[in-house]
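Okay, so here's the structure we're looking at.
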There are 2 protein chains.
Amino acid sequence: MTHTSTEENYIKAIYHLQLSRDSVSTNLLSAEMNTKPASVTDMLKKLRTKRIVHYQRYKGFSLTEAGNRKALSIIRKHRLWEYFLSSKLGFEWDEVHSMAEELEHISSDELITRLDNFLGNPAFDPHGDPIPDHRGKIRVIKQVSLTEVPVKKTATVSSVKNQSPEMLELLNHFHIALGTKLKLNRRFEFDGSVEIKIDKYPATIISEQVALNINCTL
Amino acid sequence: MTHTSTEENYIKAIYHLQLSRDSVSTNLLSAEMNTKPASVTDMLKKLRTKRIVHYQRYKGFSLTEAGNRKALSIIRKHRLWEYFLSSKLGFEWDEVHSMAEELEHISSDELITRLDNFLGNPAFDPHGDPIPDHRGKIRVIKQVSLTEVPVKKTATVSSVKNQSPEMLELLNHFHIALGTKLKLNRRFEFDGSVEIKIDKYPATIISEQVALNINCTL
DNA sequence: AAATAAATTTAGACAAATCTAAAAATATTT
DNA sequence: AAATATTTTTAGATTTGTCTAAATTTATTT
C-alpha cells in the first residue's frame with residue numbers, strides 16, 4: 001500500500017498527537033495540520049478505506065496497527081535524515097526539521113536501510129528523540145525534565161522538547177548540548193528556577209520555563 | 001518562483017530533449033513524460049506564464065534563459081544525489097536513478113551546497129555525466145564513442161549512454177568501469193565490433209551496439 | 001429536559017494535473 | 001491547389017486535497 005505525502009503527514013500527526021493524549025479530535029488534528037476540520041473528515045474517510053485508522057463518524061478515530069507501523073516508519077526516515085543533515089552536513093538542529101519533512105517522503109526502503117548503516121545505526125536524532133529501528137522498535141530511556149532532577153545530583157542532557165532556534169540559542173549560551181553532564185546545585189522555590197553547574201563553566205541559573213524543556217537521564 | 005515536482009519534471013525533460021535536437025514537439029515531449037499531448041499543451045501554458053518557456057500555440061516552444069537555469073539546477077541536484085547514493089551508500093549506477101528522481105525535488109539550496117561540499121565537489125556522476133556547478137556551469141569534456149577510438153590508441157572510459165541494468169551487467173562482465181583505461185586493438189569492419197585490451201585481462205571483443213554506448217576520452 | 005453551544009460531517013465548489021474526444025491548424029501528398 | 005494526414009489545441013470530465021457554508025450530532029448549560 002502506497003501513500004501520498006499528504007496522507008503520510010496526517011498519519012504522522014495523528015501518531016504524535018496520540019502520544020500525549022488518549023484521544024485525538026477532528027479539530028485538534030485540523031489545527032495540527034493547518035487545515036480545516038472538513039478536510040480532516042475527508043482524509044479520515046480515505047485513511048479508513050486504507051485501513052490506517054479506525055474511524056466511525058462522530059465517534060472519534062485512532063491509528064490501526066498498520067497505521068502505527070506506518071507512522072513509525074515515517075518517523076524513522078525523518079529522524080535518520082535529521083541525523084544525516086546534522087552529523088554529515090553540519091546543520092544545526094533548528095535547521096534540520098523542515099528539510100527532513102521533505103526527505104521523509106522519499107519512498108525507497110533500501111535507501112533508508114543503507115542510510116541507517118552509513119550513519120552507524122544511530123539511536124537518537126540531533127534533538128535527542130529516539131530513532132525507531134527497522135522493525136519500528138523505539139529505544140525508550142527514562143527521562144526527567146531538568147526541573148525534576150534532585151538537588152546535588154548529576155544528570156546528562158538527553159533531549160529537548162522545544163526545538164526552536166530561540167531555544168537553541170539559549171542552550172548554546174548556557175553551554176548545554178545533548179550529552180552534557182550537569183549538576184543541579186539548588187532549586188529556587190520562589191519561581192522554580194534552578195542553578196546548575198557544568199564542569200569548567202561558572203554556575204548559572206536557568207528559568208523554570210527553560211528547565212521544563214530540557215530532558216535528562218539520571 | 002517555486003515549481004511543483006511535475007513542473008520540474010517537464011522542465012528537465014524539455015532540457016534533455018533540446019540537447020539532442022534543435023526543436024522539440026508537443027508529441028515528443030508527451031512521449032517523454034508518459035502523458036498525452038493535451039496535457040503537455042496545458043503545462044506549456046502554465047510554464048509560459050511562469051516565464052520558463054517561450055511558447056506560441058502551434059508554433060513550438062523552447063526554454064527561456066530562466067528555464068535553462070532552472071533545468072540545470074534540477075540536473076545538478078539529481079546528479080549530486082546520484083553521486084551520494086553511489087559513493088556513500090554503495091548503490092550501483094543502475095539503482096540510483098529512480099531515487100535521485102525523487103531527491104532532486106527537495107527544495108533547500110543550502111542542502112545542495114553542503115551536500116556538494118560533503119561529496120568533495122564532484123564533477124561527474126556515477127554514469128560519467130557532468131554535474132553542473134552552483135552557477136549552472138557544466139564541465140564539458142571531449143568524448144568519442146568507443147567505435148571512434150583509433151586502432152592501437154589507449155582511451156579512458158568516461159561515460160555510458162545506456163544506463164540500464166543490462167548494460168551495467170555487460171560492462172561488469174567486461175571489467176569496464178568509469179575511468180578504466182583500455183587499448184583498442186583492432187576494429188572488425190564486417191560488423192563494426194572492436195577488440196579491446198584492459199591491462200591484466202585477456203583481450204575481448206565488444207559488439208558495435210555496445211561500443212556505441214561507451215564514451216571515452218583520448 | 002430544553003435550550004444553547006461546540007464539534008463534526010455533508011454538500012458543493014475550486015485548483016492542479018491528468019484524461020478522452022472533437023476541433024483547429026499545419027504539413028504532406030496527390 | 002485540393003485532398004488527406006498529422007500535429008496541436010480546445011472543451012469538458014476526473015481525481016486529490018482543499019475550502020466555505022449549511023446541516024447534523026454530541027456536549028453543556030440553564
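Hydrogens, waters and symmetry mates are skipped; everything else that's a heavy atom, side chains included, is used. Chain letters run A, B, ... following the sequence lines, proteins first and then strands; every chain starts at 1.
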Practice problem: Report yes if at least one side-chain N or O of R57(A) is closer than 4.0 Å to OP1 or OP2 of dT26(D); otherwise report no. | Solution: no
Practice problem: Report yes if a side-chain nitrogen or oxygen of K59(A) is closer than 4.0 Å to either non-bridging phosphate oxygen (OP1 or OP2) of dT8(C); otherwise report no. | Solution: no
Quiz item: Hey, does S39(B) reach any base, or is it just sugar-phosphate, or nothing, if we go heavy atoms under 4.0 Å?
Solution: base
Quiz item: For E32(A), which residues count as a side-chain hydrogen bond (donor to acceptor under 3.5 Å, both in side chains) partner, sequence neighbours excluded?
Solution: none
Practice problem: Provide, to the nearest angstrom, the distance between the CG atom belonging to D42(B) and the P atom belonging to dA21(C). | Solution: 17 Å
Quiz item: Counting N and O atoms only, with roles assigned by atom type, does the side chain of K161(A) sit under 3.5 Å from a partner on the main chain of L212(A), one being a donor and the other an acceptor?
Solution: yes
Exercise. Write down the distance between CE (M33(A)) and C1' (dT18(D)), rounded to a whole number of angstrom.
Key: 11 Å
Practice problem: Mind checking F61(B) for me? I need base, sugar-phosphate or nothing, with any heavy atom below 4.0 Å counting as a touch. | Solution: nothing
Exercise. Go through the structure and list residues passing side chain to side chain contact (heavy atoms under 4.5 Å, CB included) with R48(A), not counting sequence neighbours.
Key: K45(A), V53(A), Y55(A)
Exercise. Check DNA chain C against residues 6-24 of chain A and give the residues with a non-hydrogen atom under 4.0 Å, in numerical order.
Key: none
Quiz item: Would you find a donor on one side and an acceptor on the other, under 3.5 Å apart, between the side chain of K77(B) and the backbone of I106(B)?
Solution: yes
Quiz item: Once you round it to whole Å, what is the distance between P of dT16(D) and NZ of K36(A)?
Solution: 24 Å
Quiz item: Given that A38(A) and T4(A) both sit by DNA chain D, which one's nearest nucleotide is further toward the 5' end?
Solution: T4(A)
Give each protein N/O atom lying under 3.5 Å from an N/O atom of nucleotides 3-7 of chain D, with the pair distance.
none

Quiz item: Is any side-chain N or O of Y55(A) closer than 4.0 Å to OP1 or OP2 of dT9(C)?
Solution: yes
Quiz item: Separation of M43(A) atom CE from dT15(D) atom C1', in whole Å?
Solution: 13 Å
Quiz item: Whole Å only: how far is the NE2 atom of H3(A) from the C1' atom of dT15(D)?
Solution: 18 Å
Self-check item: Protein-nucleotide distance (Q56(B), atom CD; dA25(C), atom C1'), rounded to Å
Solution: 14 Å
Quiz item: Who pairs with H3(B) by side chain to side chain contact (heavy atoms under 4.5 Å, CB included), at least two apart in sequence or on another chain?
Solution: M1(B), E7(B), E8(B), I11(B), K50(B), I52(B), K70(B)
Quiz item: Which distance, rounded to the nearest 0.5 Å, do you find between the OG of S207(A) and the CG of L170(A)?
Solution: 7.5 Å
Quiz item: Just by distance, with hydrogens left out, do S193(B) and E208(B) show a side-chain donor and acceptor under 3.5 Å apart?
Solution: no
Quiz item: Rounded to the nearest Å, what distance is computed from the NZ atom of residue K45(A) to the C1' atom of nucleotide dT15(D)?
Solution: 16 Å
Practice problem: Please indicate whether E110(B) has more than 12 foreign heavy atoms, meaning atoms of other residues, nucleotides or ligands, lying under 6.0 Å from its CD. | Solution: yes
With a cut-off of 3.5 Å and sequence neighbours excluded, list every side-chain donor-acceptor pair involving residues 83-94 of chain B.
unit_1, atom_1, unit_2, atom_2, d
S87(B), OG, Y83(B), O, 2.9

